[in-house]
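Just follow the structure's listing: the first ligand is 1, and inside any ligand the first atom is 1. This is a predicted model, so every value here is computed, not measured.
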Amino acid sequence: MTTRPHPPWPYALLDTTAHRPVPFRQFVLKVHGRCNLDCTYCYLYQGPDHGWRDRPARTSERTMRRTAERIAEHVRGHGLDAIRIELHGGEPLLTGPGPVLAYADAVREVVGCQVTATVQTNGTRLTAGVLDRLAGAGIRVGLSLDGGRAAHNARRVDHAGRPAWPAARTAAQRLAARPRSYAGILCTIDLAADPLDVYRSLLALGPPGVDFLLPHANWDRPPPGMPNRPPGRHRPQPTPYGDWLAAVFDAWWDEGRLSTRIRLFQEIAGLLLGSASRAEAVGLSPMAAVVVETDGAIEQVDSLRSAYEGASETGLDVFRHSFDRALRHPGVAARQLGEGALAEECLGCPVGKVCGGGNYVHRYAPGTGFRHPSVYCADLERLVRHIAHRLERTSRATR
Ligand code: SF4
């Protein structure tokens, strides 16, 4: 078990006494802690946190069983009627589908509620036989791609520098033929790629949904293509990521492809119309996801690792601690505080209730923690205002 002292200082300025814990409903279960790819931008293996090196590569059956018991305990204690488990890595299919199936079975055997299971893969090990077995177990598959062409995926290579794209494209074709098993595509934005080419090439792969992700960055490690600046709400400035996303939004909205879910756009549109958010990228809804590492450590979401060494750690594990104990961790509490965790600039921001300060991890600055606007602040404001403007124009035209 890897336990390093957890630095509490990033949360020291937050008043968590008003925190009303919201139970976890999304359990990210690490099946395998290594990956056969070596993507040049990977925050997990190329970022500041090297904790993965100290953990076992594979999750043992004992850890799977104990995690399942802890999930069941949490479900019973909070009277939950449905949860999601997400089987992750590294690459969760690195040693075949067996461990993924075993983990899902372990949870379903003991958890007395509806369990939706998804595996997130780079696609390189998704053979027809593997997909058959996952589909047979009711486990849906999400693919990680940077676009629908070889050139878009040039950064996704294996440890010998060979491209992942040929195998990933075959996986996407297999999934397109099995829509019930296809959860969608996660795509990290690369400004060097044309947004409409990326969008249309991804749609050609037939996914039910695409999740566009901003590259993980913060005030110490600025996003690719952006300068280093002190934390704050800087105006005016270029908004390359906001522009990129606005171009995709227009194509999605104008070309009538709304049946393909684009989570970020749906979330922002929903928030503008008064709904609560369900994603961590925008909005103020409490975070209800937790991670269990290959050694049973209970952690916060992986993306925190892009901030600093040990940022996702809680010092807890499934052998000694319940998930309720994790709900009281200051890092988890901070992500359930909504406006209580926002910076002054965000509290006074005209799009603050929709943007919600953006993804928590993008607010980080060394020495002062997470109480800052997002490093993507101007891009987020640009996108929110753009979507608001398009919704308003459509509503006027249909009146
Ligand atoms: S709410 Fe969003 S757009 Fe507004 S200041 Fe904060 S990060 Fe910037």
Side-chain angles (χ1 to χ4, degrees), residues 10-11 13-15 43 188-189 191 211-249 262-287 301 303-304 306-307 311 331 334-392:
Y11 313 109
L13 297 174
L14 283 178
D15 177 7
Y43 65 87
T188 301
I189 297 170
L191 287 183
D211 217 353
F212 287 107
L213 308 176
L214 292 164
H216 289 312
N218 55 57
W219 292 105
D220 188 40
R221 295 166 190 266
M226 287 171 75
N228 216 332
R229 296 154 300 153
R233 188 165 181 262
H234 302 274
R235 297 292 183 280
Q237 64 173 10
T239 53
Y241 289 90
D243 300 344
W244 200 99
L245 285 163
V248 175
F249 178 86
I262 299 197
R263 182 146 70 146
L264 182 60
F265 300 159
Q266 289 180 324
E267 288 290 328
I268 292 175
L271 284 157
L272 285 165
L273 297 170
S275 308
S277 60
R278 290 162 301 164
E280 62 174 325
V282 286
L284 291 164
S285 297
M287 179 78 168
V301 292
S303 54
L304 279 170
S306 64
R335 304 202 64 177
Q336 298 199 336
L337 284 179
E339 286 191 340
L342 289 185
E344 286 298 321
E345 294 101 314
C346 297
L347 289 171
C349 172
V351 301
K353 290 222 171 347
V354 177
C355 171
N359 191 321
Y360 189 79
V361 72
H362 300 162
R363 308 175 199 172
Y364 175 74
T368 46
F370 295 91
R371 207 159 196 182
H372 298 290
S374 167
V375 72
Y376 289 105
C377 172
D379 296 277
L380 290 166
E381 184 170 347
R382 155 92 170 96
L383 181 65
V384 171
R385 287 187 184 280
H386 181 77
I387 294 178
H389 172 68
R390 293 301 318 269
L391 291 185
E392 199 183 317

Practice item. Work out whether the distance between some heavy atom of G358 and some atom of ligand 1 is less than 4.0 Å. Key: no
Check your understanding: Looking at G352, which atoms of ligand 1 are within less than 4.0 Å of one of its heavy atoms?
Key -> 1 (S)
Check your understanding: Got the closest protein heavy atom to atom 4 (Fe) of ligand 1, with its distance?
Key -> C349 SG, 2.3 Å
Point to revise | Numbered atoms of ligand 1 (with element) below 4.0 Å of C355, judged on heavy atoms | key: 1 (S), 2 (Fe), 3 (S), 7 (S)
Check your understanding: Any idea how F370 and Y364 line up, ring-wise: parallel (<30°), tilted (30 to 60°), or perpendicular (>60°)?
Key -> tilted
Study note, to complete from the structure: The closest protein heavy-atom partner of atom 7 (S) of ligand 1 is S374 N, 3.4 Å
Exercise for review: Find the distance between OG1 (T188) and CZ (F212) and round it off to the nearest 0.5 Å.
Suggested key: 10.5 Å
Revision key, fill the gap. Near V351 (heavy-atom distance under 4.0 Å), the atoms of ligand 1 are 3 (S)
Point to revise | Residue pairs fulfilling side chain to side chain donor-acceptor pair (under 3.5 Å) with at least one residue in residues 339-359, sequence neighbours excluded | key: E339-K353
Check your understanding: Looking only at protein heavy atoms, which one is nearest to atom 3 (S) of ligand 1, and how far off is it?
Key -> C377 O, 3.6 Å
Review point. Is the F249 ring parallel, tilted or perpendicular to the H386 ring (thresholds 30°, 60°)?
Key: perpendicular
Revision key, fill the gap. Here the pair of heavy atoms bringing H372 nearest to W219 is CB-NE1, 3.8 Å
Study note, to complete from the structure: Heavy atoms of R371 and A341 approach each other most closely as CG-O, 3.8 Å
Study note, to complete from the structure: shortest atom 6 (Fe) of ligand 1-to-protein heavy-atom contact is with C346 SG, 2.3 Å
**Study point:** Beyond-backbone contact of D379 with M226, side-chain heavy atoms, under 4.5 angstrom
**Key:** yes
Revision key, fill the gap. Per-atom filter on ligand 1: closer than 4.0 angstrom to a heavy atom of R233 are 5 (S)
